[in-house]
Colleague: 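For reference, the structure I am asking about is given below.
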Number of protein chains: 2
Amino acid sequence: MRYPASETAEKHTRILAHASRLFRERGFDGVTVAEIMNGTGLTHGPFYNHFASKDALIAESLSYACAEAMGDLSAVQQSPEDVRAYVAGYLSTRHRDTPGEGCVLPSLGAEVGRAPLTRPGVTSHVRGMVDKFTEYFPWPGKRNRRRNSIRLLSAMVGAQLLARAVDDPVLSEEILAAVRSEIA
Amino acid sequence: MRYPASETAEKHTRILAHASRLFRERGFDGVTVAEIMNGTGLTHGPFYNHFASKDALIAESLSYACAEAMGDLSAVQQSPEDVRAYVAGYLSTRHRDTPGEGCVLPSLGAEVGRAPLTRPGVTSHVRGMVDKFTEYFPWPGKRNRRRNSIRLLSAMVGAQLLARAVDDPVLSEEILAAVRSEIA
DNA sequence: TGTACATCAGTGAACGCGCGTTCACTGATGTAC
DNA sequence: TGTACATCAGTGAACGCGCGTTCACTGATGTAC
């Protein structure tokens, strides 16, 4: 049946939000189109009213998640304490244990490298994060701010990847703590 | 037909080597059992003479790749130059562009976190790499060697993940160079 | 304002394909005598 | 040493299932008059 036009855009956003969460939790191949649609209270049929294909949804949902993450990062004030709190939150066990709500880079970065449609959006997201870090992070000197930002972002992403891969909770926590202490 | 018993073990190893390369290139779901077997010159039938399931192959091929990588790392002499060369090689564009021959952590780390069978093997691999770095890396002082090793490994893994995800060759190279300069 | 009709997001069955897995069969190897 | 037979890694067709995608149909909404 026909539905109020106002709901269509909202449903589109709900699909993106739910899809990006599931993809981060299980990877692109670990989630079915039907499951995404069911999670938004619909059947799988109208999926193709919203997206040309699953690949198109993957690309759009990643852009959605990146935009949301950049919004969170921009909301952080420029005070050193707030920036440090952001990094500490990134390296928290909570972030490790809830990948569906977290950064797409540790959970989907490798798959992005193999999925051409997703790369442009993620590239500008990475560039945006490096720029923000370079601008706002309380680095000691003026020199090498950008280089230090890239190092820190790499270590943050790698640490979450390793902390999630590793089986031993002690080692996992040690990895997060090691990188966390870099900004203490 | 029956084949010389001596060939069986060698075929088993060939399957592991080829599978681990393809998995690193395309992810666990991006490679089919038939493709792996064809790549070793066989049809897909005898796969189940060697492995209980695709999941079992995934776990075993990852352990194989980790063992091989630890062998390479152990072959590095303890001289500071050789250790630095190892890290520089890890952060090279060559490694970025040939994931099938490279470290499993940037290419498969996220999937490992979701595949319980693979986690024990990868956990001991991560522990082994941290131990080697702690022991041999030419850190300036005696304090914090282990913490610095974890930071460096995290940055190396994260940098390769990002360098592969990113679309822009300039940014990609900048990421690798930033972490490379950390040990210069 | 009320009525007839066109619209189109939704439903849910069906399709086609690919992949993991199974299995009846083959035939050179290794063994028993 | 030669011969008959059991073994078992291989072949390749087939199975079953799940998933992405399609489509005939539904019926409340929005529109024309």
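Per chain, numbering begins at 1; letters A, B, ... match sequence-line order. Values in this document were obtained by computation on a predicted structure and should not be read as measured data.
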Colleague: Going by atom types only, do A/E60 and A/H12 share a side-chain donor-acceptor pair under 3.5 Å?
Modeller: yes
Colleague: Applying side chain to side chain donor-acceptor pair (under 3.5 Å) to A/R127 and A/T123, what does each step give before you reach the verdict?
Modeller: CA-CA 6 Å; A/R127 190 177 283 117; A/T123 300; over 6 Å; no
Colleague: Which nucleotide sits closest to the side chain of A/K54: D/dG12, D/dG20, C/dA14?
Modeller: D/dG20
Colleague: Name the closest nucleotide to the B/K11 side chain, picking from C/dG20, D/dA9, D/dG10.
Modeller: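 The answer is D/dG10.
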Colleague: Going by distance alone, is a donor N or O of one side chain under 3.5 Å from an acceptor N or O of the other, for B/R151 and A/S181?
Modeller: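 Yes, A/S181 and B/R151 have a side-chain donor paired with an acceptor closer than 3.5 Å.
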Colleague: What's the NE2-P distance between A/H44 and C/dA9, to the nearest Å?
Modeller: 17 Å
Colleague: If you check the A/L42 side chain, which of C/dT21, D/dG10, C/dT11 turns out closest?
Modeller: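 For the A/L42 side chain, the nearest candidate turns out to be C/dT11.
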Colleague: Tell me the interatomic distance from B/E7, atom CD, to D/dC8, atom P, rounded to whole angstroms.
Modeller: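 After rounding, the reported distance stands at 16 Å.
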Colleague: Can you give the dot-bracket line for DNA chain D, using ( ) for pairs inside the strand, [ ] for pairs that cross earlier ones, | for pairs with another strand and . for unpaired bases, where Watson-Crick and G-U count if both distances are under 3.5 Å?
Modeller: .||||||||||||||||||||||||||||||||
Colleague: Under a 3.5 Å threshold, yes or no: a donor from one side chain and an acceptor from the other, between A/R145 and A/S149?
Modeller: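 On atom types as modelled, these side chains do not qualify, holding no pair under 3.5 Å.
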Colleague: For the pair made of CG in B/N38 and P in D/dG10, what is the distance, rounded to whole Å?
Modeller: 13 Å
Colleague: Given atom CZ of A/R14 and atom C1' of C/dA9, what is their separation to the nearest angstrom?
Modeller: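 Distance check: A/R14 CZ to C/dA9 C1' gives 13 Å.
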Colleague: Quick one: which of C/dT21, D/dT11, D/dT21 gets closest to the side chain of A/Y48?
Modeller: D/dT21
Colleague: Can you tell me the distance, in whole Å, between the CZ atom of A/R26 and the C1' atom of D/dC19?
Modeller: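 Interatomic distance, CZ of A/R26 to C1' of D/dC19: 14 Å.
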Colleague: First locate atom CG of A/N49, then atom CD1 of A/I15, and finally report the distance between them rounded to the nearest 0.5 Å.
Modeller: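 The distance works out to 9.0 Å.
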Colleague: Rounded to whole Å, please give me the gap between CE in A/M37 and P in D/dG20.
Modeller: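 Spelled out: CE on A/M37 to P on D/dG20 is 12 Å.
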Colleague: Rounded to whole angstrom units, what separation is found between the CG atom of B/N49 and the C1' atom of D/dG12?
Modeller: 14 Å
Colleague: Please evaluate residues A/R180 and A/E173 with respect to the criterion side chain to side chain contact (heavy atoms under 4.5 Å, CB included), reporting the C-alpha separation (whole Å), side-chain torsions for both, the decisive distance (0.1 Å), and the verdict.
Modeller: CA-CA 10 Å; A/R180 232 186 279 131; A/E173 171 57 34; 3.1 Å; yes
Colleague: How long is the line joining CG of B/L57 and C1' of C/dC19, in whole Å?
Modeller: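 Computing the B/L57:CG to C/dC19:C1' distance gives 15 Å.
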Colleague: Record whether the side chain of A/H12 comes under 3.5 Å of the base of C/dA9 through a donor-acceptor pair of N or O atoms.
Modeller: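 No, no donor-acceptor pair under 3.5 Å.
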Colleague: Look at the side chain of A/H50 against the base of C/dA9 and say whether a donor-acceptor pair falls under 3.5 Å; ignore hydrogens and angles.
Modeller: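 A donor-acceptor contact between them is absent.
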